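Working notes, structure below.
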Amino acid sequence: MKTHSVAVLGGDGTGPEVVREAIKVLDAAAPKHGFKLNYTSFDFGGDRYLRTREILPDRAVDDLRQFPAILLGAIGHPDVKPGVLEKGILLRLRFELEQYVNLRPVKLYDARYCPLKDKGPEEVDFVVIRENNEGLYTGSGGFVFKGTPNEIAVQESINTRRGVERCLRYAFECARKRRGGQSWKGLKAEDAKQGKKSQLTLCGKTNVLTYAFDLWERAFHEIGASDYPDVKRDYAHVDATTMWFVKNPEWFDVIVTDNMFGDIITDLGAMIQGGMGIAAGGNINPEGTSMFEPIGGSAPKYTGKNVINPLAAICAGAMMLDHLGETQAAAAIEKAVTRVVHEKLKSLAAGKMGYGTREVGDLVASMV
Ligand code: IPM
Ligand code: MN
């Protein structure tokens, strides 16, 4: 039987609890679709750091490199200075494993959970592709005259033609796939009926960041015109993008953007799809080790209370299966999540679901 080896990094706060439910669901789906999952757990995170001062040893990065996929819970501990674990674990893995795409579907499963007036699942259904290895996240920059009145802090946005291009190509491919209606990035039924073209929107700031987004824009049109003429090209400034997310989310199909803008717009994206309880993402290296995570963070105040919503982690698990080629199992999990959301839950927020964390996991597992 086909076996996939998966590294599991529960991490901090509610991370381990939600990952446990994701594994429960994955294990329910696997036998029905003829494959097995083999898990190896790693305990990196705040607790281990406070105990041993070890963040992520080099050897661990090499160990993780051996896996096709990592399932990650959350990183961030209230007793550890902000940035230490985020940079030392999460960002380090994204960078060293060259997970150059951060794939964040923004999909509303039930109109009840959308804070936007008159918008439902038909309107809120797009994908954000965030460049994940460059931009303002590389740590390039520094201080001059630190701690004096003349202090200067520089934080540089790094945009390489190679890095931008590989991200754009992934985005064009994704847009093309949505039109083909493949797997769970499937084109909306209505659009397919109307024979609508898939569309890729570049989200930038060409009116101010005239070097970085000049490069992005040129690469976007060059690649699009030569290799993806079937994908409609569209552009929106990042500030306008946040406005459209609220006003006309149905205008979007696939959005591609840089690391910082992608970070910001996907939090807004999470809110319009029902909140952090449901939002999942994948850090993708198409040729190497990819890492899937709920995007909500470690939520320390809910730790161990059986109240956190595990659906985001479960959806991250589904994305992982999709990535591993188990597209049917991924679709089955997504369908089960949709049913649970429709038929069972009172809310997607922690403590208000009408069920506990484990019970939500049981419900999804029973429906896959
Ligand atoms: C995210 C998070 C991270 C980021 C933090 C925790 C470093 O906000 O995954 O969006 O900024 O990328
Ligand atoms: Mn973020």
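Counting starts at 1 for both ligands and their atoms, following the listed order. Computed from a predicted model, the values in this text were never measured in an experiment.
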Got an N/O contact under 3.5 Å between Asn102 and ligand 1?
->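 Looking only at distances, the answer is no, because the N/O contact criterion of under 3.5 Å is not met.
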Option set Glu293, Met260, Glu86, Arg104, criterion heavy-atom distance to atom 1 (C) of ligand 1, minimum |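 When every heavy atom of Glu293, Met260, Glu86, Arg104 is considered, Arg104 comes closest to atom 1 (C) of ligand 1.
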Can you sort out which atoms of ligand 1 are near Arg94, meaning under 4.0 Å from one of its heavy atoms?
->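 Listed by number with element: 1 (C), 4 (C), 9 (O), 12 (O).
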Here the atoms of ligand 1 under 4.0 Å from any heavy atom belonging to Arg130 are 1 (C), 4 (C), 10 (O), 11 (O), 12 (O)
For the pair [X] and [Y], find out whether any cationic side-chain nitrogen is under 4.0 Å from an anionic carboxylate oxygen.
X	Y	answer
Arg92	Glu96	yes
Lys2	Glu326	no
Arg358	Asp362	no
Glu17	Arg20	no
Lys119	Glu250	yes

Of the protein's non-hydrogen atoms, which lies at the shortest distance from atom 11 (O) of ligand 1, and what is that distance?
->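 Atom 11 (O) of ligand 1 sits closest to the protein heavy atom Tyr137 OH, 2.6 Å.
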among protein heavy atoms, the one nearest atom 5 (C) of ligand 1 is Leu90 CD2, 4.3 Å
Can a non-hydrogen atom of Asp263 be found less than 4.0 Å from any atom of ligand 1?
->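 Heavy atoms of Asp263 do come under 4.0 Å of ligand 1.
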At a 4.0 Å cut-off, with the gap strictly under it, does some heavy atom of Lys87 reach an atom of ligand 1?
->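 For ligand 1, residue contact (heavy atoms, under 4.0 Å) with Lys87 is absent.
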Partner of Arg166 under salt bridge (charged side-chain N to carboxylate O under 4.0 Å, His left out), chosen from Glu287, Glu131, Glu98, Glu173 =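 Between Arg166 and the candidates, salt bridge (charged side-chain N to carboxylate O under 4.0 Å, His left out) is satisfied uniquely by Glu98.
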Out of Tyr228, Tyr235, Phe172, Phe213, which residue meets the ring pair (Phe, Tyr, Trp, His ring centres under 6.0 Å) rule with Phe220?
-> Phe172
Heavy-atom pair of closest approach, residues Thr201 and Asp234 = OG1-OD2, 2.7 Å
Counting only protein N/O/S, how many atoms fall short of 2.8 Å from the Mn ion (ligand 2)?
->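 My tally for this metal is 1.
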Interatomic distance, Trp216 atom CH2 to Thr257 atom OG1 [nearest 0.5 angstrom] |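 Reported to 0.5 Å precision, the distance equals 6.5 Å.
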Ring centroid separation His77 to Tyr49 under 6.0 Å =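 Distance test on ring centres: not under 6.0 Å, no.
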